[in-house]
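Some notes on the structure that comes next.
Every chain is numbered from 1 and lettered A, B, ... according to where its sequence line falls, protein lines coming before strand lines. Remember, it's a predicted structure, so these values are computed and weren't measured experimentally. All values below were derived from every heavy atom in this structure, side-chain atoms included, with hydrogens, water molecules and symmetry-related copies excluded.
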There are 2 protein chains.
Amino acid sequence: MADPTSPHPGTSALRVYPHDLETRVDRKESLVEDAYRALKASILDGTLPAGYQAVEHRIADQLNMSRTPVHEAVIRLQHEGLVRVLPRRGVQVLPISAIDMVEVYQVLVAMEGMAAMLLAQHPERAEASIRMMEDATNQMERALKGEDLRGWARADDQFHRVLVSECGNQRLAKMAATMVDQAQRARTVTLQFRQLPHASVQEHRVIISAIRAGDTLGARTAAEAHRTRASGEIIKAIERL
Amino acid sequence: MADPTSPHPGTSALRVYPHDLETRVDRKESLVEDAYRALKASILDGTLPAGYQAVEHRIADQLNMSRTPVHEAVIRLQHEGLVRVLPRRGVQVLPISAIDMVEVYQVLVAMEGMAAMLLAQHPERAEASIRMMEDATNQMERALKGEDLRGWARADDQFHRVLVSECGNQRLAKMAATMVDQAQRARTVTLQFRQLPHASVQEHRVIISAIRAGDTLGARTAAEAHRTRASGEIIKAIERL
DNA sequence: AAATGTTATCTGGTATGCAAGAGCGCATAA
DNA sequence: TTATGCGCTCTTGCATACCAGATAACATTT
C-alpha cells in the first residue's frame, strides 16, 4: 500500500487487484477462514492465474492480517491441490494439467453417481433439492439462448454443487465440492475456447427425472454418463492450451 | 514429565502413554507432520479413545514441540473428522457413530469401485499391485485359520489401501485413504464383538481375478458389492455398542 | 441456603520474534 | 572476461508472546 509502484514481477499480480481480495473478506468466523476463502475465490475465478507467485508476508499485508492465518490457509489450499509452497520461493498457484482433470473427473463420476443414487433413494425427501437442480438447469437453458457462457457455467456449477451437497452424506459432499472447485477453475480457463455445450441441459433433465422417479440405478448411470462425457470435452480443451 | 502423578482427569490418558506418542515421532519432515502422524496413529489404534480430551499446550509438551505445529495438525485432523476443538475446552477425540460409518462406507463403495475399474483397465501395468493384493488376501486367510483377528484386520486394511493407492489417481487415493482410516478405527473398536469374517477372502479374490482379466465392469461391481456387504456388518456392530 | 453478580483463570486464535538454509549477487582471481 | 567462492538477503517453519472471551468458582446479598 505504501509503495503502489513496486514493479517486482512476482508481486505485481496481487498488487494490481488489492480491492478484489479485500472485498472478499467479509465473514467474521476466523481470519484463517477469511484468508482461505479470499485466496480460493481468487484462484478459482482466475484473478490469481496459474503460475502466480507470492510470499506469505505480502498476502498477509493485502488481507490486513498477520502471516499466521495466511500460512494455515495456504497449507489447506496446498492439500487441495490448488497451490504449492516452494521452499524459499513463495506460494505458487498451480497450473491445471490434463492429468489433473482426468483425476478430478474420475472422482466426480464416482461421487456424483453415488450422490444421485442416494437422492433417488428418497425422492420425496429430496424434492426441495430437486427443485434447485431444476432451477439451475432452466437457467442454463436461458443462458445458452442468450449465448451467455459465463451465466451458463455458473448455473451448471450450481446444479452440480446442489447434487453433491444435498445427497445427505456430508463427507461425500465435502470431498466432491473440492473436486467441483477444480473443475470450475478448469472451465473458467477453457470456456472461451469451447463450443456452446448444448448436451448438458438435456442430460441434467435425465438425471433429475430419474431421481424424482426413485430410479436409483438410472440416476446413477445418468450422472456418471454426464460427467464422463463432459470430462472428455474439458480434457480436449485443456490439451489445446 | 516433571509431574507424572498429576491426576487431572482430562489429561490422564495422554500422561499414561507418553512413550507411545513420543516413539511415533521419528520422521524429520516437519513437526506438523510429526504431530499429525503421532496423533492420528494414536487415535486410529485406540490409544486415544473417543471422548478423550486434551489441551493443545499439553499435547505439545508430550510431543516436545511448541503449540504451533500441534495447532496445525489438530486443525487437519478436525477437517478429517477425527477430532473437534471445543472453544475453551480443548481438543476432543470424536466418537464413531453409525451415521459416520454409513457415510464412510458409501464413499468407499464409490471410490473403491472406481479404483478397481481403473486397475482393470490396465491389468498388465497393475500386475505388481495385484500381487500385493493377493499377498494381503493370502495373509487374511492364514490369520483366519489361526483365529488371529488383529492380523486379519491388518491384512484386510492392507488390501484396501493397496487397491486405492495403486489405482493411478492420486486424488482418489488420498481421499479414499482418509476414509479407510476411519473404517480402520471403527473396526478396531468393534473387532472383538464380531464373528470371524470368512466372506472377505473370497470376495477379494473375485475382485482380483476381475482386475487381472481386464473385466472393468466386473471389477467395479465386485468391489462395490464387497464394501456394501461389509458396511452392513460394521454398522450393525457399531449400533450394538 | 440459594441465587446472582463479579472476577480470576484458562484456552484457542492471532501476532510477533527468531533461526536456519537456499539462492543470488558481487567480488576477486586467473 | 569469465569462473568460482563467499556472504548477504530473503523466506518459511517454529517458538514465544499477547489478547479476547467464556467458564467456573467464589463472595455477597436476600
Side-chain angles (χ1 to χ4, degrees), chain A residues 1-3 6-15 22 25-39 51-79 82-94, chain B residues 1 3 6-15 22 25-39 52-79 82-94:
Chain A
M1 302 284 220
D3 178 17
S6 170
H8 299 307
T11 65
S12 57
L14 197 57
R15 284 180 178 279
E22 283 167 12
V25 180
D26 14 55
R27 322 224 176 186
K28 295 295 165 190
E29 203 174 295
S30 83
L31 292 183
V32 176
E33 196 63 25
D34 289 348
Y36 173 76
R37 282 187 216 272
L39 288 171
Y52 170 75
Q53 205 164 319
V55 149
E56 288 180 0
H57 185 70
R58 229 172 271 286
I59 299 172
D61 286 350
Q62 288 291 336
L63 297 171
N64 275 91
M65 57 182 74
S66 82
R67 271 186 51 226
T68 307
V70 171
H71 182 67
E72 292 183 20
V74 162
I75 286 171
R76 217 168 130 188
L77 290 167
Q78 187 179 31
H79 280 290
L82 291 176
V83 306
R84 66 174 170 182
V85 320
L86 306 171
R88 270 126 232 128
R89 285 290 186 90
V91 182
Q92 186 185 49
V93 177
L94 287 173
Chain B
M1 307 275 224
D3 177 19
S6 171
H8 299 306
T11 66
S12 57
L14 198 57
R15 282 179 179 280
E22 281 167 14
V25 180
D26 13 56
R27 322 225 176 186
K28 294 295 166 191
E29 204 176 295
S30 82
L31 293 183
V32 176
E33 196 63 25
D34 289 348
Y36 173 76
R37 281 187 217 273
L39 288 170
Y52 169 76
Q53 205 165 320
V55 149
E56 288 181 0
H57 185 69
R58 230 172 270 285
I59 298 172
D61 286 349
Q62 288 290 337
L63 297 171
N64 275 90
M65 56 182 75
S66 81
R67 266 188 56 221
T68 308
V70 172
H71 182 67
E72 291 183 20
V74 162
I75 286 171
R76 218 168 129 187
L77 291 167
Q78 187 179 32
H79 280 293
L82 290 176
V83 307
R84 67 173 169 180
V85 320
L86 307 169
R88 274 149 285 283
R89 286 288 184 94
V91 182
Q92 187 185 48
V93 177
L94 286 174

Report the distance from atom CD of E33(B) to atom C1' of dT12(D), rounded to the nearest whole Å. 16 Å
Whole-Å distance separating the CD atom of E56(A) from the C1' atom of dT12(D): 6 Å
Please determine whether a side-chain nitrogen of the Lys or Arg among R76(B) and E33(B) lies less than 4.0 Å from a carboxylate oxygen of the Asp or Glu. yes
From L94(B) CG over to L82(B) CG, what is the distance, rounded to the nearest 0.5 angstrom? 7.5 Å
Any H71(A) side-chain N or O less than 4.0 Å from OP1/OP2 of dG13(D): yes
List the residues meeting salt bridge (Lys or Arg N to Asp or Glu O under 4.0 Å) with E56(B), not counting sequence neighbours, and say none if there are none. R67(B)
Can you give me the closest heavy-atom contact between A73(A) and V32(A), atom names plus distance? CB-O, 3.9 Å
Intermediate values then yes/no, side chain to side chain donor-acceptor pair (under 3.5 Å), Q78(B) and R84(B): CA-CA 5 Å; Q78(B) 187 179 32; R84(B) 67 173 169 180; over 6 Å; no
Let me see the working for I59(A) and L39(A) under side chain to side chain contact (heavy atoms under 4.5 Å, CB included), right down to the final yes or no. CA-CA 9 Å; I59(A) 299 172; L39(A) 288 171; 4.0 Å; yes
State whether the side chain of Q53(B) and the backbone N or O of R89(B) hold a donor-acceptor pair below 3.5 Å, judged by distance alone. yes
Using the heavy-atom set of chain B and a strict 4.0 Å cut-off, write down the first and last nucleotide of DNA chain C that makes it in, 5' to 3'. dT11(C) to dG13(C)
Between A35(A) and V70(A) the two heavy atoms that sit nearest each other are CB-CA, 4.4 Å
What string of B, S and - do you get for nucleotides 15-24 of chain D, 5' to 3', when a contact is any protein heavy atom under 4.0 Å? BBB---BS-S
Between dT11(D) (C1') and Q92(A) (CD): distance, integer Å: 15 Å
